[in-house]
Amino acid sequence: MVKITFPDNREKEYKKGSTGFDIAQSIHPRLAKEALSVTVNGELWDMRRPIDMDSSIRFHKWEDEEGKHAFWHSSAHLMAEAIESIYPGTKFGIGPAIEQGFYYDVDPGDDIVLTDADLPKIEQKMLELARTKETYTRREVSKKEALDYFKKKDDEYKLELINELEDGTISFYSQGVFTDLCRGPHLPNTESIKAIKLLSIAGAYWRGDETRKQMTRVYGITFPKKSMLDEYLLLLEEAKKRDHRKIGKELELFTFSQKVGQGLPLWLPKGAQLRERLENFLKKVQKDYGYLPVITPHIGNKDLYVTSGHYEKYGKDSFQPIKTPSENEEFLLKPMNCPHHCEIYKSKPRSYKDMPVRLAEFGTVYRYEQSGELHGLTRVRGFTQDDAHIFCRPDQLKEEFIKVIDIVFLIFKSLNFSDFITQISLRDPEDGEKYIGSNENWEKSESAIIEACNEKGLDTQIEYGEAAFYGPKLDFIVKDAIGRKWQLGTIQVDYNLPERFELEYIGSDNKRHRPVMIHRAPFGSMERFVAVLIEHTAGKFPLWLTPDQVVLLPVSEKYVDYAKKVFSFLNNSDIRTLIDDRNEKVGKKIRDNELKKIPYLLIVGEKEVADNSVSVRRQGVGDKGNMSLEEFKTLIEKEIKSETQI
RNA sequence: GCCGAUGUAGCUCAGUUGGUCAGAGCAGCUGAUUUGUAAUCAGCAGGCCGUGGGUUCGAAUCCCUCCAUCGGCUCCA
């Protein structure tokens with residue numbers, strides 16, 4: 001017998017070799033039916049794997065991450081089986097479950113190209129196979145057996161994976177005629193996979209290495225019920241409507257021109273106003289926090305970047321140097337503001353009493369991003385960072401770092417960004433080549449960030465190898481409408497640039513000391529922040545931020561004069577107002593302005609002229625009734641106040 | 001940069017196997033209408049069918065180059 005401990009600490013004896021399924025069955029047949037995988041002593045197992053020792057277990061249903069994971073991972077195997085049956089000889093890379101669904105990297109051979117058009121065919125085959133209720137069976141194999149199997153299949157990808165595994169830890173999973181190297185766990189059988197949608201096809205380098213072969217990645221998602229798939233697809237459709245590229249065009253916020261160049265956004269008047277308001281908001285916060293504004297040029301002498309180390313690191317992949325009539329003189333479009341700010345710091349002697357020095361600039365920078373990387377406003381070649389560099393004494397580092405975290409939180413909170421991840425990005429311990437600066441400085445920087453985050457009680461995740469080449473950082477990451485992650489705010493500790501630029505201050509001991517530098521950008525860049533803001537609000541910006549707050553809709557031409565009167569009243573009250581004096585019916589004007597997402601629509605006609613009032617309609621809500629001009633003004637002011645009070 | 005897909009009026013799209021296929025709706029302009037909470041009617045104007053080449057008697061349609069966009073990969077100072 002084995003002793004099984006349940007999550008509520010109840011214990012029960014079972015026959016040795018009982019499976020998760022048997023145990024679930026003994027609790028309730030429904031649980032046995034719904035459980036997709038089981039955690040046994042902290043390890044994820046199949047429901048059908050025999051348990052031979054005393055164990056604590058926890059079942060996972062569809063509702064749990066672990067349950068979905070098993071479901072989608074099994075679906076990936078099912079897809080592989082379908083692909084192999086349609087394209088015999090296909091070689092397989094890896095096929096994991098992901099946040100939403102799964103993918104499999106496949107290599108169908110050099111003469112076969114999979115395209116979107118092939119997906120329905122594979123889907124059909126998967127459904128066909130699923131209906132045969134194939135069981136997923138686990139088998140532990142020796143390394144030799146594993147190698148032999150895939151040698152026979154001539155699958156160099158699997159062979160490479162197996163070669164990196166320890167003998168004795170290797171397992172195979174089979175369903176139908178398909179066998180895969182896999183740790184599991186999997187579903188008992190394919191029966192529960194009822195709804196299948198293959199979503200897209202893409203190239204993906206083997207093992208994420210661009211020097212290696214590019215495989216074909218097939219993305220898909222499956223569900224235990226058809227209705228769940230329909231719901232998911234509907235949700236996806238809805239999410240795509242929030243795409244900032246689409247809304248940006250509709251609301252005339254920004255555009256691109258092939259003539260100007262790819263990745264170089266053109267801010268339209270409404271977008272420029274929105275952005276300016278965001279900038280002013282942050283400027284005010286920064287003023288309160290003791291930042292000093294600076295302005296630096298868009299280019300800098302190449303030597304500046306040789307000194308900073310950026311030229312060596314990125315010179316080849318950047319916009320190339322600008323020549324001048326004078327020989328041996330070269331300038332770079334500035335790809336970052338830090339070196340300029342270092343020179344400002346150096347422009348006069350600094351005392352320990354002056355520290356910290358916080359220099360802030362909305363600095364426009366240019367980076368030659370790879371063409372395939374460009375993406376709307378979130379990844380561009382010319383963008384404006386809400387940049388600042390804090391030069392401080394080592395003893396001030398933690399306090400300053402924490403103050404920056406406060407600013408980021410303030411900004412995020414005031415714009416209702418509640419759903420974000422904080423990530424600490426450290427060095428890749430395996431790859432020293434990638435980084436500049438001494439070990440000692442790196443250790444100091446890394447521990448400073450970790451300490452500051454602990455002190456603020458941040459729930460951070462640590463990523464190794466994600467640091468900038470000159471220092472570690474704390475990033476604030478949010479998701480866009482369809483779940484892609486984007487880094488917004490960033491805070492970086494840097495001991496390297498102060499050294500390279502030989503920055504100094506005179507200490508209380510009358511000796512020269514080296515300051516520490518913090519790079520920080522709460523928005524990250526204005527472009528990316530506005531993009532994410534659009535997707536989060538679907539273009540319905542908070543009242544204080546939105547380009548046009550109010551539109552006046554005269555019922556007919558007869559009331560345009562009154563509308564103008566109201567317009568000047570609102571305008572004088574700093575309420576951003578438009579008049580829609582087109583010769584159209586009210587219904588039409590309401591429809592058009594609702595679609596433009598203008599927060600307040602004011603209908604004025606005979607009634608309103610008579611009692612000097614407006615009829616208020618809130619965008620997306622409807623008729624709010626009649627009120628006097630003063631009342632309306634107060635309504636607006638109150639709403640703005642509640643939005644900007646933090 | 002790589003893999004795959006796409007590119008037709010300002011916008012959203014239709015154009016069967018190459019032969020009245022250069023179209024529609026919205027937006028715009030003109031006129032009528034003077035309108036009360038999500039689309040009034042009529043008329044007009046709009047395009048070298050992304051670019052450059054090729055195949056053909058004939059190309060938006062087939063082939064190639066390049067450019068741009070989209071989905072991923074890689075990258076992201």
Side-chain angles (χ1 to χ4, degrees), chain A residues 103 105 113-118 199-219 240 243 245-246 249-250 252 255-259 261-263 305 308-315 317-318 334-339 365 367-376 378-381 385 436 466-471 473 475 482 484 486-487 490 492 494 497 519 524-525 528 553-560 582-595 601-608 615-626:
Chain A
Y103 67 77
D105 285 347
V113 177
L114 292 183
T115 71
D116 300 336
D118 300 313
L199 296 161
S200 67
I201 217 152
Y205 299 108
W206 170 233
R207 314 215 81 178
D209 182 343
E210 71 176 315
T211 63
R212 304 197 65 180
K213 171 137 182 151
Q214 192 156 43
M215 305 185 72
T216 304
R217 179 167 295 179
V218 186
Y219 285 91
K240 281 182 184 158
D243 190 315
R245 292 165 296 193
K246 184 175 148 63
K249 193 182 270 177
E250 286 166 359
E252 298 183 7
T255 189
F256 289 90
S257 146
Q258 254 190 70
K259 267 214 175 88
Q262 63 175 160
Y305 303 100
S308 71
H310 288 102
Y311 185 77
E312 194 196 337
K313 183 84 182 168
Y314 294 104
D317 306 319
S318 296
K334 83 172 162 188
M336 78 287 306
N337 305 296
C338 356
V365 297
R367 297 178 183 177
Y368 191 78
E369 306 289 5
Q370 297 186 84
S371 59
E373 259 312 319
L374 300 172
H375 183 100
T378 49
R379 195 78 187 274
V380 288
R381 285 180 171 168
Q385 295 178 310
I436 61 167
E466 294 292 311
F469 76 97
Y470 53 76
K473 52 185 184 158
D475 290 329
I482 64 167
R484 285 178 292 221
W486 297 97
Q487 177 212 306
T490 181
Q492 313 177 2
D494 186 356
L497 281 187
H519 309 244
S525 80
R528 186 176 285 180
L553 311 181
V555 170
S556 84
E557 273 171 14
K558 284 186 267 181
Y559 312 110
V560 170
R582 290 176 304 164
N583 183 1
E584 296 286 354
K585 292 188 166 184
V586 189
K588 167 82 161 171
K589 294 189 188 183
I590 287 174
R591 178 182 158 78
D592 289 350
N593 287 291
E594 283 272 344
L595 291 174
L601 285 62
L602 301 185
I603 292 105
V604 292
E606 195 178 350
K607 262 194 325 232
E608 290 74 18
S615 280
V616 179
R617 185 190 163 99
R618 173 81 215 201
Q619 199 272 347
V621 178
D623 198 347
K624 305 278 276 184
N626 191 273

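Protein chains get the first letters and strands the later ones, always in sequence-line order, with residue 1 at the start of each. Keep in mind it's a predicted model, so treat the numbers as computed, not measured. Computation of the quantities below employed the complete heavy-atom set of this structure, encompassing side-chain atoms and omitting hydrogens, waters and symmetry-equivalent molecules.
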From A/N626 CG over to A/S615 OG, what is the distance, rounded to the nearest 0.5 angstrom?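 So the CG of A/N626 and the OG of A/S615 are separated by 4.5 Å.
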Tell me every residue that passes salt bridge (charged side-chain N to carboxylate O under 4.0 Å, His left out) with A/D105, counting only those two or more places apart in sequence or in another chain.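 Salt bridge (charged side-chain N to carboxylate O under 4.0 Å, His left out) check on A/D105 returns A/R217.
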I'd like to check the salt bridge (charged side-chain N to carboxylate O under 4.0 Å, His left out) partners of A/K213; sequence neighbours left out, ordered by chain and number.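 If we apply the salt bridge (charged side-chain N to carboxylate O under 4.0 Å, His left out) test to A/K213, skipping adjacent residues, the hits are A/D107, A/D110.
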Residue pair A/Q262 / A/S371, side-chain donor-acceptor N/O under 3.5 Å: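 Looking only at side-chain atoms, A/S371 and A/Q262 do not form any donor-acceptor pair under 3.5 Å.
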Taking atom types as modelled, find out whether A/Y559 and A/E608 have a side-chain donor-acceptor pair closer than 3.5 angstrom.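 Side-chain D/A pair, A/Y559 to A/E608: absent.
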Would you say B/U12 has OP1 or OP2 under 4.0 Å from some side-chain N or O of A/K249?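 Answer yes for this pair, as a side-chain N or O of A/K249 is under 4.0 Å from OP1 or OP2.
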Counting only side-chain N and O atoms of A/K246, is one of them less than 4.0 Å from OP1 or OP2 of B/U12?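 Checking B/U12 against A/K246, no side-chain N or O comes under 4.0 Å of OP1 or OP2.
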If we take the [atom1] atom in both [N] and [M], what is their distance in whole Å?
{"N": "B/G18", "M": "B/C63", "atom1": "P", "result": "11 Å"}
{"N": "B/G52", "M": "B/C67", "atom1": "C1'", "result": "10 Å"}
{"N": "B/G54", "M": "B/G7", "atom1": "P", "result": "23 Å"}

Check: A/F469 ring centre within less than 6.0 Å of A/Y314 ring centre: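 Close enough - the centres of the two rings lie under 6.0 Å apart.
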Is B/G46 in the syn range, within 90° of 0, or in the anti range?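 Syn conformation here, the glycosidic angle of B/G46 being no more than 90° from 0.
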Is it the case that more than 12 heavy atoms not belonging to A/E250 sit under 6.0 Å from its CD atom?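 Atom CD in A/E250 is packed in, count exceeds 12.
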Minimum-distance nucleotide (side-chain atoms of A/R379 versus B/A5, B/C2, B/C75):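 For A/R379, the side-chain atoms sit closest to B/C75.
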Once the angle between the rings of A/H375 and A/W486 is folded into 0 to 90°, is it parallel (under 30°), tilted (30 to 60°) or perpendicular (over 60°)?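 Judged by the thresholds at 30° and 60°, the geometry between A/H375 and A/W486 is tilted.
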Grab the CZ-C1' distance between A/R582 and B/G31 for me, whole Å please.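 Answer to the nearest Å: 17 Å.
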Using only modelled atom types and a 3.5 angstrom limit, is any donor from either the side chain of A/Q214 or the base of B/G4 paired with an acceptor on the other?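 Side chain to base: no pair present.
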Check: B/C2 base within 3.5 Å donor-acceptor of A/E210 side chain: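 Result: no qualifying N/O pair found.
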Protein-nucleotides 40-46 of chain B N/O pairs under 3.5 Å:
none

Between A/D592 and A/D116, name the one whose nearest nucleotide on RNA chain B is closer to the 5' end.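 Its nucleotide being nearer the 5' end, the pick is A/D116.
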So what's the dot-bracket for RNA chain B: Watson-Crick or G-U pairs under 3.5 Å, [ ] if a pair crosses, | if it pairs off-strand? (((((((..((((.....[...)))).(((((.......))))).....(.(((..]....))).))))))))....
With sugar-phosphate taken as primed atoms, P, OP1 and OP2 and all else as base, the protein-contact string of nucleotides 64-71 of chain B at under 4.0 Å (heavy atoms; B, S, -) is ---SSSSB
I'd like a list of close polar pairs between nucleotides 13-15 of chain B and the protein, N/O only, cut-off under 3.5 Å.
none

